[in-house]
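FYI, side chains are in, hydrogens and waters are out, and symmetry mates aren't considered; it's all heavy atoms of this structure. Below, chain A is the first sequence line, B the second, and so on; all start at residue 1.
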Amino acid sequence: MLLGMDKISEGVGKIFSLLILVIIVLEAGESVLRYFFGRPTDWSWELASMLFGAFFMMGGAWVLKDNNHVRTDVFYNLLSRKWKAYFDLFFFTTIFFTFTIVMIWKMGINTIYSISIREATFSMWAPPVYPLKVTFFIAYILLFLQGLAKWIRDLVYVTKGVEI
Amino acid sequence: MTPLEGLLIVGFFFLIILLSGHPLAFTLGGLAVLSAATIWGNPAALNLFTRTTFSVGTNIVYTSVPLFIFMGAMLERSGAAEDLFDSMYIIFGTLRGGIAITTVVICTLLAAASGIIGASITLMTMLALPAMMKCNYDTKLATGTIMAAGCLGVLIPPSIILVIYGAQAQLSIGKLFAGGMGAGLLLSSLYMIYIVFTIIWRPESAPAIDPAEAAKYSHIQKWTMFFKSVLPTSILILLVLGSILFGIATPTEAAALGSVGATVVALYNKKLNWEVIYTCCQLTMKTTAMIMFIILGASMFTSVFLGLGGDDMIKSLVADMQVSRWVVIFVIFIILFFMGMFIDAFGLLLIGIPIFTPIVGALGFDALWFGIMFAVMIQVSNLSPPFAYAAFYVKGVASQQNITIPISELYRGAIPFIVIQIISIIILCIFPQIILWLPGIIFSN
């Protein structure tokens, strides 16, 4: 199950990573359209910025899986594997879970409301907002689950002394 | 509870959690959530954080961050730097210290063609370090040059650090880019002057390459190679910086154009395939997610900081101070220096902006000038042990090349360059025109 979570985080990350190509085409295309053809669009900036949000939010769990979120590890690196696990268990319980659970809760309420009123942005193009909010909601859930997977691993390590 | 007590409690917990090695992004986000519900006594602020997620996640300025990262990742794989290095190695390698000077020049060019520092350091460790070791360069000089010059990307536009600074401190990205140019070129020239002085003082620290290696090529061949190799990078610089500074494209669009440009260079050098594109996408995703989650957490933390009255408190503290404003700015630089020893560049940036920009503003310093000075301090932080990002990078890449360098050797190599950076800070305090001149003429209307 833990390996399954790893696979989901990584797979989702890899799929969403391709969005950057779409953003490049949108933004480069927009500047060419405007400068050479004098015909800017009213949607490409907004679409690019929304895709950007989906792009990086969906990468959070993958980065956590690979343990690449920046730490101030000057002291942390001096600890043994076991003490690292204790520290992580404590701070993931108090800090990480508080953060992700509150964000899932608040983002969930906000998303449901957004869907119920068919929320749209205040721009000329006025696209619906809720697909992006659903994406953010899912991203926080994935982040939480990946953190839970790490938490279980650390717990097993300190109690049974094995890496799983 | 007074605002001061509230802030002290939050600050205390922040330091404890940060130094315990919890990821910075969640430290900021988690503390923001916890303090909003308790110390701030404003649970409604939790709803604000969903808005923060949304506003950071649809910010067109931040959209340039992954684009600049993609551009750098693609440039690193495009073969442009290899060609540049090969031609300059033959031309300047025959001089004492030639490879070190070449390294600084190429890093300056790469810094102007990409927004991240990882690419320059990686490339130079792969290309210049083995060449310098072969010539029996002093290891400290060789690695110090790579680390210091590799970090020029922080200052020389386009720079992700300046993009984030502009977005957080509400300054024009174009002006910051123009301001970073003067300071970046100053540093780059100081590095070269230092290398020249080292050669004069200790000629054995930077020997020349075997003249036979260069003699294989005629003069015409050498210079044709040079111009052919410098052309793609120059076009790329012109495309990205030119379009921003002449107001043709926004930084975000310019970054997208640069990504296309770097891809074309890779195609031209026959280095492009699906594998390379996919690797670049994945690298971009991971780096962007890492940076943006810190920005997300920091934006939430900043709203708590402001909600607790941090902004006003700092301003009144400054107003009560009976010292010269230069003393205050000096103290700020010292604090940034010590923070930079332990915290990485993005952390330093995002924690430092809400605390220091109001002070600097209240003292009447130019916001643009301080932004660039902050970027110089970030370069120092990349080199200063025990958390020296550049040293870790060089060590990591070098070990892949089967070159083992002890980290202590790297730290010692960094010291002269840290001194040069501090000298440059003094110069920039005395002559702020170095920063302000270019933005002044470009954005005069």
Side-chain angles (χ1 to χ4, degrees), chain A residues 13-14 16-18 20-21 23-32 35 45-46 48-50 52-60 62-64 66 68-77 79 84 87-88 91-92 94-96 98-100 102-103 106-107 109-110 129 132-133 136 140 147, chain B residues 17-27 29-34 37 46-47 49-50 53-54 56-60 62-63 65-67 70 243 248-250 252-257 259-260 277-278 280-282 284-286 288-294 297 342-344 346-347 386-387:
Chain A
K14 283 184 175 167
F16 274 80
S17 78
L18 296 175
I20 189 65
L21 299 176
I23 300 174
I24 291 172
V25 171
L26 276 173
E27 284 293 295
E30 171 71 10
S31 60
V32 171
Y35 190 70
W45 273 38
E46 199 168 10
S49 69
M50 289 174 126
F52 156 71
F55 172 77
F56 85 80
M57 287 296 286
M58 283 305 201
W62 184 21
V63 177
L64 181 62
D66 288 354
N68 278 343
H69 279 293
V70 176
R71 301 164 176 266
T72 305
D73 50 9
V74 179
F75 304 110
Y76 182 81
N77 274 347
L79 302 172
K84 276 183 187 163
F87 266 72
D88 280 343
F91 286 114
F92 267 73
T94 50
I95 303 293
F96 177 85
T98 314
F99 173 63
T100 43
V102 167
M103 289 317 293
K106 289 295 178 187
M107 204 73 224
I109 294 174
N110 192 285
V129 172
L132 190 62
K133 290 201 165 163
F136 289 170
Y140 276 125
Chain B
I17 302 167
L18 189 72
L19 292 177
S20 308
H22 193 59
L24 178 63
F26 311 128
T27 306
L31 259 184
V33 168
L34 283 170
L46 297 180
N47 296 317
F49 295 153
T50 62
T53 309
F54 196 77
V56 170
T58 55
N59 185 315
I60 192 71
Y62 287 137
T63 307
V65 170
L67 295 170
F70 184 92
S243 60
I248 295 167
T250 65
T252 311
E253 290 167 347
L257 288 172
S259 301
V260 175
I277 297 177
Y278 195 38
C280 288
C281 287
Q282 292 184 14
T284 306
M285 157 75 102
K286 290 182 83 170
T288 310
M290 185 269 282
I291 298 171
M292 289 311 299
F293 266 88
I294 302 176
F342 298 97
I343 305 173
D344 88 303
F346 296 107
F387 186 93

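- Of the two parts of A:Ile109, neither the backbone nor the side chain holds a non-hydrogen atom closer than 4.5 Å to a non-hydrogen atom of chain B.
- Residue contact with chain A, scored on non-hydrogen atoms closer than 4.5 Å, involves the backbone and the side chain of B:Phe342 alike.
- For the set A:Leu26, A:Val32, A:Ile20, A:Val63, the count of heavy-atom pairs under 4.5 angstrom toward chain B peaks at A:Ile20.
- In this structure, chain B has heavy atoms under 4.5 Å from both the backbone and the side chain of A:Val70.
- Of the two parts of A:Thr100, neither the backbone nor the side chain holds a non-hydrogen atom closer than 4.5 Å to a non-hydrogen atom of chain B.
- Most heavy-atom pairs under 4.5 Å with chain A, from the set B:Leu19, B:Thr284, B:Ile60: that is B:Ile60.
- Between A:Phe99 and B:Phe26, the two ring planes are tilted [angle within 30° to 60°].
- No other option in B:Asp344, B:Leu46, B:Asn59 has as many heavy-atom pairs under 4.5 Å with chain A as B:Leu46.
- Aromatic ring centres of A:Tyr140 and A:Phe136 lie farther apart than the 6.0 Å criterion allows.
- Contacts of A:Tyr35 with chain B are made by side-chain atoms alone, with heavy-atom separations under 4.5 Å and no backbone atom involved.
- In this structure, B:His22 contributes its side chain and A:Phe87 its backbone to no donor-acceptor pair below 3.5 Å.
- With respect to chain B, the highest number of heavy-atom pairs below 4.5 Å among A:Trp62, A:Phe16, A:Phe75 belongs to A:Trp62.
- Top candidate by heavy-atom pairs under 4.5 Å with chain A, chosen from B:Val65, B:Thr250, B:Ile277, B:Ile291, is B:Thr250.
- The line from CG of A:Leu132 to OG1 of B:Thr58 is 7.0 Å long, rounded to the nearest 0.5 Å.
- If you measure heavy-atom distances from A:Phe91 to chain B, the contacts under 4.5 Å come from both the backbone and the side chain.
- Scanning both residues, A:Ser17 and B:Met285, for their nearest heavy atoms gives N-CE, 3.4 Å.
- Neither the backbone nor the side chain of B:Ser243 comes within less than 4.5 Å of any heavy atom of chain A.
- Heavy-atom pairs under 4.5 Å with chain A were tallied for B:Phe70, B:Phe54, B:Tyr278; the largest tally goes to B:Phe54.
- Between chain B and the residues A:Leu21, A:Ile24, A:Leu18, the largest count of heavy-atom pairs under 4.5 Å involves A:Ile24.
- Residues A:His69 and B:Pro23 approach most closely at CB-CB, 3.8 Å, considering heavy atoms.
- Just one residue in the list B:Thr252, B:Val56, B:Thr288 forms a side chain to side chain contact (heavy atoms under 4.5 Å, CB included) with A:Phe52, and that residue is B:Thr288.
- Contact of B:Ile294 with chain A is made through the side chain alone, with heavy-atom distances under 4.5 Å.
- Between chain A and the residues B:Cys280, B:Ala254, B:Ser20, B:Ala37, the most heavy-atom pairs under 4.5 angstrom are made by B:Ser20.
- Of the two parts of B:Phe346, neither the backbone nor the side chain holds a non-hydrogen atom closer than 4.5 Å to a non-hydrogen atom of chain A.
- For A:Asn77, no part sits under 4.5 Å from any heavy atom of chain B, backbone or side chain.
- Panel note: side chain B:Ser259, backbone B:Ala255; a donor-acceptor pair is recorded below 3.5 Å.
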Apply side chain to side chain contact (heavy atoms under 4.5 Å, CB included) to residues A:Met57 and B:Thr53 and explain how you reach the verdict. CA-CA 9 Å; A:Met57 287 296 286; B:Thr53 309; 3.8 Å; yes
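- Looking at A:Asn110, only its side chain comes within 4.5 Å of chain B, counting heavy atoms on both sides.
- In terms of heavy-atom pairs under 4.5 Å with chain B, the best-connected choice from A:Gly13, A:Gly147, A:Ser31 is A:Ser31.
- The part of A:Leu64 that comes within reach of chain B is its side chain, from C-beta onward, which places non-hydrogen atoms under 4.5 angstrom from that chain.
- Residue with the most contacts toward chain A among B:Leu34, B:Leu24, B:Thr27, B:Leu67: B:Leu67 (heavy-atom pairs, distance under 4.5 Å).
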